[in-house]
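Accompanying notes for the structure given below.
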Amino acid sequence: MLKSIRVRSYSLIASLVLATCMDSINMQVTSVDLPEMAGRLHATPDERAWINIAYLASRSIGLMVAPTLSEILGRKRILACAIITVTIASVLCTLQDEIGWLCFWRAVQGLGGAPLFVTGLQVLFLKLPLQRQGITQAFFALANMLGTTVFPFFLGWISDRSSWHWVFLQNVPIGALSLYLLRASLRRDTPTRSLAKFDQKGVVLLGLAAFTLQFALTQGTRYNWGDEPLITACLIVGGLATLAFALWQRSLRNRNRLFDFRVLLVPEYVYGLSISLLAGYATSGSGFLFPNFVRSVFQYNSADTGLALLPSGIAAVIGLFIGGYGVQSKRFSPSIVLWTGISFLLSSMLLLSVITYQVALGDLMIPLVLRGGGLGLLAAPSLIVAFSRLNSRHVAHGAGLFNLARQLGGSLATASLSWRLAYGTEYYRNIMASRMSFGSPVAISRIAETIHNLTSHGIRLGQAAKTAIAVSNLAFKGQIDVLSYNDCFQEVALVYGVGVTSMIALRKYMNYHSDLRRSTLSGRLESRLASRELATGASESGKI
């Protein structure tokens with residue numbers, strides 16, 4: 001019997017990890033293949049952007065709606081429906097040759113993928129004791145980590161050797177195996193809410209906020225932010241819709257709330273939530289910058305770009321299990337593991353911010369390994385810190401907001417860094433063009449030296465001159481790119497440093513008020529006990 005329970009626990013963990021891998025693949029599938037995907041579909045830049053907007057906005061809605069759906073359908077049923085939905089949507093994405101239908105099925109992928117994280121995390125915390133959560137959450141976080149560190153290599157390899165259509169088909173065997181293990185390891189639970197108690201007004205407000213804000217964050221750089229009234233209007237409408245959604249969820253007239261904001265009253269959860277926001281910014285920020293940097297400076301294709309990220313992925317997996325095992329075995333406190341991961345990430349961004357044009361790919365291994373190790377060390381302890389004090393009713397709501405904060409941090413990072421990169425490229429191009437034109441002595445000297453080296457190896461003078469000019473142009477562009485990416489990595493380090501400082505202040509503030517509340521409650525309890533003792537003594541003296 002014990003062996004059967006243990007096998008079912010392992011099968012449940014494997015099923016949820018595989019299911020979350022599907023969502024992780026869907027999130028990262030366009031990071032490597034989006035240019036080829038858009039080219040094959042003859043999509044304009046605006047149409048290409050909707051491939052990501054549709055997925056991320058729908059996933060944001062799904063993260064907040066998933067707790068209610070699990071109460072209506074039951075946890076096992078919603079997980080099975082989500083796996084089937086993502087698998088079918090992946091197949092239909094593969095069959096599309098029109099950008100509109102591809103965006104539609106990407107939106108279906110986002111809606112289906114959100115419950116895989118929310119309900120999966122809820123099941124793990126409800127079915128397994130806290131003493132086993134270290135390694136368990138390490139495996140669960142591994143699924144999310146693979147999407148940003150290891151899967152880009154396989155996605156790029158598939159894209160270079162066949163077509164982007166085959167990228168989505170990876171979800172078919174993963175989904176089939178995950179569904180089989182889920183049916184064998186998780187019992188069906190009884191729904192606790194009827195479909196009639198579904199907050200339709202909340203879903204409308206949430207959808208309006210998600211699509212307008214995601215459009216603004218994705219397209220802000222393309223339209224130069226404040227210069228385009230459409231972006232300003234989307235930010236205003238999205239902000240008002242978000243405020244209206246929060247007020248409606250707190251309203252006494254709303255008896256069918258989608259989200260329970262009482263999770264924000266738990267200090268440990270707020271602390272873990274802030275870590276998730278910062279980790280999302282650092283993960284997506286570095287994940288956005290480094291592949292583009294490698295393509296721009298080293299002229300790598302998709303497969304080689306994914307291969308360059310592989311050491312970071314290996315370090316992330318190692319850090320993941322070191323952190324999970326250290327917390328579970330109580331060899332390290334979660335705070336020590338968290339701060340070690342934060343210092344690794346900060347060091348990585350600082351090292352990447354001082355690279356030069358003469359850098360080789362091998363010189364980037366140390367910062368990449370530090371990045372991966374830092375992300376791995378942060379994953380499991382942040383989940384344990386955030387959810388250790390939540391009761392069973394609030395775990396699903398906490399999981400939805402936790403992952404939404406991570407996704408929001410990633411969207412903010414991509415939006416701010418893409419604008420910074422475009423601005424920096426234009427800024428440094430103007431400076432270098434003013435100081436180093438083709439008529440300047442420095443440029444003439446470098447071109448002449450290149451021509452001399454080429455002609456000394458037997459190349460004709462005319463061909464050597466053309467090659468020297470092309471090499472000079474390439475070096476000119478490479479130096480501009482490196483300077484622009486340096487500024488972007490410095491921005492990530494600055495935001496992360498300010499965020500960590502704010503997080504320390506937030507933790508001290510929460511600890512102070514928590515101690516104050518405990519002392520106040522203790523004082524009230526002592527005064528009540530004292531008054532009871534006085535009343536008891538008075539009654540006894542009256543009897544005497």
Side-chain angles (χ1 to χ4, degrees), residues 1-29 59 62-63 66-67 69-71 73-91 108-147 150-151 154 167-191 317 320-321 324-325 328 379-380 383 387 392 395-396 399-400 403:
M1 181 65 181
L2 181 62
K3 185 180 293 186
S4 176
I5 294 174
R6 185 173 297 175
V7 169
R8 288 180 59 184
S9 298
Y10 292 153
S11 299
L12 177 62
I13 294 172
S15 172
L16 297 178
V17 168
L18 289 171
T20 311
C21 272
M22 299 169 66
D23 184 49
S24 182
I25 291 173
N26 292 334
M27 283 197 70
Q28 296 297 323
V29 70
R59 189 174 184 271
L63 288 172
L69 292 179
S70 65
E71 294 175 359
L73 299 176
R75 291 187 291 270
K76 181 175 182 177
R77 191 174 296 173
I78 187 62
L79 282 171
C81 290
I83 293 171
I84 294 172
T85 300
V86 173
T87 305
I88 293 175
S90 299
V91 174
V108 174
Q109 279 185 329
L111 284 172
L116 298 178
F117 180 88
V118 175
T119 311
L121 192 62
Q122 181 189 22
V123 168
L124 289 178
F125 271 100
L126 293 180
K127 296 294 183 181
L128 299 175
L130 188 61
Q131 293 79 9
R132 292 181 56 190
Q133 290 295 332
I135 297 297
T136 301
Q137 294 305 325
F139 274 109
F140 191 70
L142 176 64
N144 287 299
M145 200 70 63
L146 290 175
V150 178
F151 278 129
F154 295 103
V167 171
F168 290 106
L169 289 179
Q170 294 178 91
N171 283 330
V172 176
I174 297 176
L177 181 58
S178 175
L179 187 62
Y180 171 77
L181 293 174
L182 181 71
R183 293 185 61 186
S185 59
L186 186 64
R187 293 194 180 101
R188 181 177 296 181
D189 55 320
T190 304
V317 173
L320 197 63
F321 287 100
Y325 175 75
Q328 180 169 309
L383 286 170
F387 292 91
S392 58
V395 169
N403 199 254

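Just so it is clear, the structure is predicted and the values come from calculations on it, not from any experiment.
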Subject >> Residue pair Ala82 / Pro115: nearest heavy atoms and the distance that separates them >> reply: CB-CB, 4.1 Å

Original post:
Short question: side chain of Ser15, backbone of Ser11 - any donor-acceptor pair under 3.5 Å?
Top reply: no

Subject >> Least distance between heavy atoms, Phe125 atom then Val395 atom >> reply: CB-CG1, 4.2 Å

Original post:
CZ of Arg183 to NZ of Lys76: how many Å apart, nearest 0.5 Å?
Top reply: 7.0 Å

**OP:** Walk me through it: do Leu111 and Thr85 pass the test side chain to side chain contact (heavy atoms under 4.5 Å, CB included)?
**Re:** CA-CA 9 Å; Leu111 284 172; Thr85 300; over 6 Å; no

**OP:** For the residue pair Leu126 and Arg75, establish whether any side-chain heavy-atom pair is separated by less than 4.5 Å.
**Re:** yes

**OP:** Please name all residues satisfying side-chain contact (heavy atoms from CB on, under 4.5 Å) with Leu73, sequence neighbours left out, ordered by chain then number.
**Re:** Arg77, Ile78

Original post:
Looking only at atom types and distance, does a side-chain atom of Thr87 sit under 3.5 Å from a main-chain N or O of Ile83, one as donor and one as acceptor?
Top reply: yes

**OP:** Could you tell me the separation between the CD1 atom of Ile174 and the CG atom of Leu179, rounded to the nearest 0.5 Å?
**Re:** 13.5 Å

**OP:** State, with a plain yes or no, whether a side-chain heavy atom of Val86 is found less than 4.5 Å away from one of Asp23.
**Re:** no

Original post:
Atom OG in Ser178, atom CG in Leu116: separation rounded to 0.5 Å?
Top reply: 7.5 Å

Original post:
With a 4.5 Å heavy-atom cut-off, do Val118 and Asn403 have their side chains touching?
Top reply: no

Subject >> Under the side-chain contact (heavy atoms from CB on, under 4.5 Å) test, residues paired with Val17 that sit two or more places apart >> reply: Ile13, Phe139, Ala143

**OP:** Go through the steps to decide whether Leu79 and Leu16 satisfy the test side chain to side chain contact (heavy atoms under 4.5 Å, CB included), and finish with yes or no.
**Re:** CA-CA 9 Å; Leu79 282 171; Leu16 297 178; 3.8 Å; yes

Original post:
Is it true that a side-chain atom of Asn26 and a backbone atom of Met22 form a donor plus acceptor pair closer than 3.5 Å?
Top reply: yes

**OP:** List the atom of Ser70, the atom of Pro67, and the distance in Å for their closest heavy-atom pair.
**Re:** OG-O, 2.7 Å

**OP:** Looking only at non-hydrogen atoms, find the nearest pair between Ala14 and Leu181 and report the distance.
**Re:** CB-CD1, 3.9 Å

